Amino acid sequence: MKRIAVFASGSGSNFQAIVDHVKSGKLKANVMLLVCDKPGAKVVERAEKEQIPAFVFDPKQYESKEQFEEDILQQLRHYQVDFIVLAGYMRLIGHTLLDAFAGRIVNIHPSLLPAFPGKHAIEQALRAGVKITGVTIHYVDEGMDTGPIIAQRAVEISEDDDANTLAEKIHKIEHSFYPETIGKILEKLEVKA
């Protein structure tokens, strides 16, 4: 079974969904490590509760992205991680990790990319007045949500949706769609191995 690390910066609802899918046997993988760049984030509590090791760091304590990514890389090697899953990790991945895990880093984004990349995608969609937004799962490259798209799912925006109600709709989709898609990607990796 593939060994994955989940990178997250916030509440960790997608982290929890992935862990729950692993525990139920729906996602054939082992979550080996949480990587979090925000000490005190709720996702760290979730990892502790699930007894999953966490590497928590403060980027301000480092002189450069390369330095903290080297520390992350050491952790990934220690836990023999095969695959990286970004789940609300609010930081661009640098060359240190991209080179070491080429083609083995995925992200989830709350819009139908290429529309509304970056932060606040839900609010961007509402401001733009679009009728449909969604969820995109994509490979990670050096850009901001610019990597090759793996899968997308549409979410309809109602007249009375605000940022909170739309976020709820999107999360509901994400929490099953992301673990299912990760499972399909990992199956393909198994074949190549």
Side-chain angles (χ1 to χ4, degrees), residues 4-22 24 26-27 29 31 34-38 41-44 46 59 65 83-95 97-98 101-189:
I4 65 175
V6 179
F7 287 37
S9 301
S11 72
S13 65
N14 273 309
F15 168 83
Q16 191 67 56
I18 291 163
V19 170
D20 290 347
H21 274 71
V22 167
S24 73
K26 290 182 196 165
L27 175 55
V31 180
L34 165 71
V35 174
C36 181
D37 63 336
K38 296 250 190 306
K42 184 167 173 41
V43 70
V44 178
R46 290 182 191 263
K65 178 182 285 210
F83 197 79
I84 296 172
V85 175
L86 306 185
Y89 184 69
M90 303 307 286
R91 190 165 294 285
L92 285 175
I93 300 295
H95 286 287
L97 292 175
L98 286 171
F101 282 83
R104 293 183 293 143
I105 307 174
V106 294
N107 184 39
I108 189 163
H109 184 76
S111 78
L112 294 174
L113 290 173
F116 315 120
K119 292 181 180 177
H120 312 297
I122 291 169
E123 291 83 354
Q124 288 181 58
L126 288 168
R127 275 197 307 274
V130 296
K131 300 295 176 214
I132 293 176
T133 187
V135 176
T136 301
I137 298 165
H138 64 94
Y139 286 105
V140 174
D141 61 13
E142 62 280 346
M144 174 79 71
D145 300 319
T146 55
I149 292 169
I150 300 163
Q152 292 182 308
R153 209 162 270 168
V155 175
E156 221 171 288
I157 300 176
S158 308
E159 294 277 325
D160 57 350
D161 269 330
D162 61 20
N164 291 330
T165 58
L166 184 53
E168 275 178 39
K169 285 183 186 177
I170 286 173
H171 286 142
K172 195 170 179 190
I173 302 268
E174 287 178 345
H175 294 164
S176 57
F177 184 43
Y178 203 17
E180 287 164 13
T181 305
I182 292 164
K184 290 175 187 169
I185 296 165
L186 294 179
E187 279 172 27
K188 289 178 191 165
L189 277 182

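Note that this is a predicted model, so its numbers are computed, not measured.
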- Message: Show, in sequence, the C-alpha distance, side-chain angles and deciding distance for Ile93 and Ile84, and conclude whether the side-chain contact (heavy atoms from CB on, under 4.5 Å) test is met.
- Response: CA-CA 11 Å; Ile93 300 295; Ile84 296 172; 5.9 Å; no

Indicate yes or no: at least one non-hydrogen side-chain atom of [X] is less than 4.5 angstrom from one of [Y].
X: Leu112; Y: Val130; value: no
X: Phe83; Y: Val106; value: yes
X: Tyr89; Y: Val140; value: no
X: Asp160; Y: Thr165; value: no

Once rounded to the nearest 0.5 Å, what's the spacing between atom [atom1] of [X] and atom [atom2] of [Y]?
X: Lys131; Y: Glu159; atom1: NZ; atom2: CD; answer: 5.0 Å
X: Leu34; Y: Phe7; atom1: CG; atom2: CZ; answer: 9.0 Å
X: Ile182; Y: Ile18; atom1: CD1; atom2: CD1; answer: 4.0 Å
X: Ser13; Y: Lys42; atom1: OG; atom2: NZ; answer: 10.0 Å
X: Asp161; Y: Lys169; atom1: CG; atom2: NZ; answer: 3.5 Å
X: Arg153; Y: Glu180; atom1: CZ; atom2: CD; answer: 6.0 Å

If you take all heavy atoms of [X] and [Y], which pair is closest and at what distance?
X: Leu126; Y: Asp162; result: CD1-C, 3.5 Å
X: His21; Y: Pro179; result: CG-CB, 3.4 Å
X: Ile170; Y: Gly134; result: CD1-O, 4.2 Å
X: Thr181; Y: Ala151; result: CG2-CB, 4.2 Å
X: Gly143; Y: Leu92; result: O-CD2, 3.4 Å
X: Leu186; Y: Ala29; result: CD1-CB, 3.7 Å

Output yes when a side-chain donor or acceptor of [X] lies under 3.5 Å from a complementary backbone atom of [Y], and no otherwise.
X: Glu123; Y: Ala163; value: no
X: Lys26; Y: Gly183; value: no
X: Thr133; Y: Ala125; value: no
X: Glu174; Y: His109; value: no
X: Asp145; Y: Gly118; value: yes

- Apply side-chain contact (heavy atoms from CB on, under 4.5 Å) to Arg91 and Ser9, showing your working. CA-CA 9 Å; Arg91 190 165 294 285; Ser9 301; 5.6 Å; no

- Task: Given side-chain contact (heavy atoms from CB on, under 4.5 Å), test Thr136 with Phe116 step by step and report yes or no.
- Result: CA-CA 11 Å; Thr136 301; Phe116 315 120; over 6 Å; no

- Item | Test side-chain contact (heavy atoms from CB on, under 4.5 Å) applied to Ile108 and Val85, Ile173, Ile150, Asn14, the passing residue |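 Between Ile108 and the candidates, side-chain contact (heavy atoms from CB on, under 4.5 Å) is satisfied uniquely by Asn14.
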
- Task: Applying side-chain contact (heavy atoms from CB on, under 4.5 Å), run through Val135 and Gln152 and close with a yes or a no.
- Result: CA-CA 6 Å; Val135 176; Gln152 292 182 308; over 6 Å; no

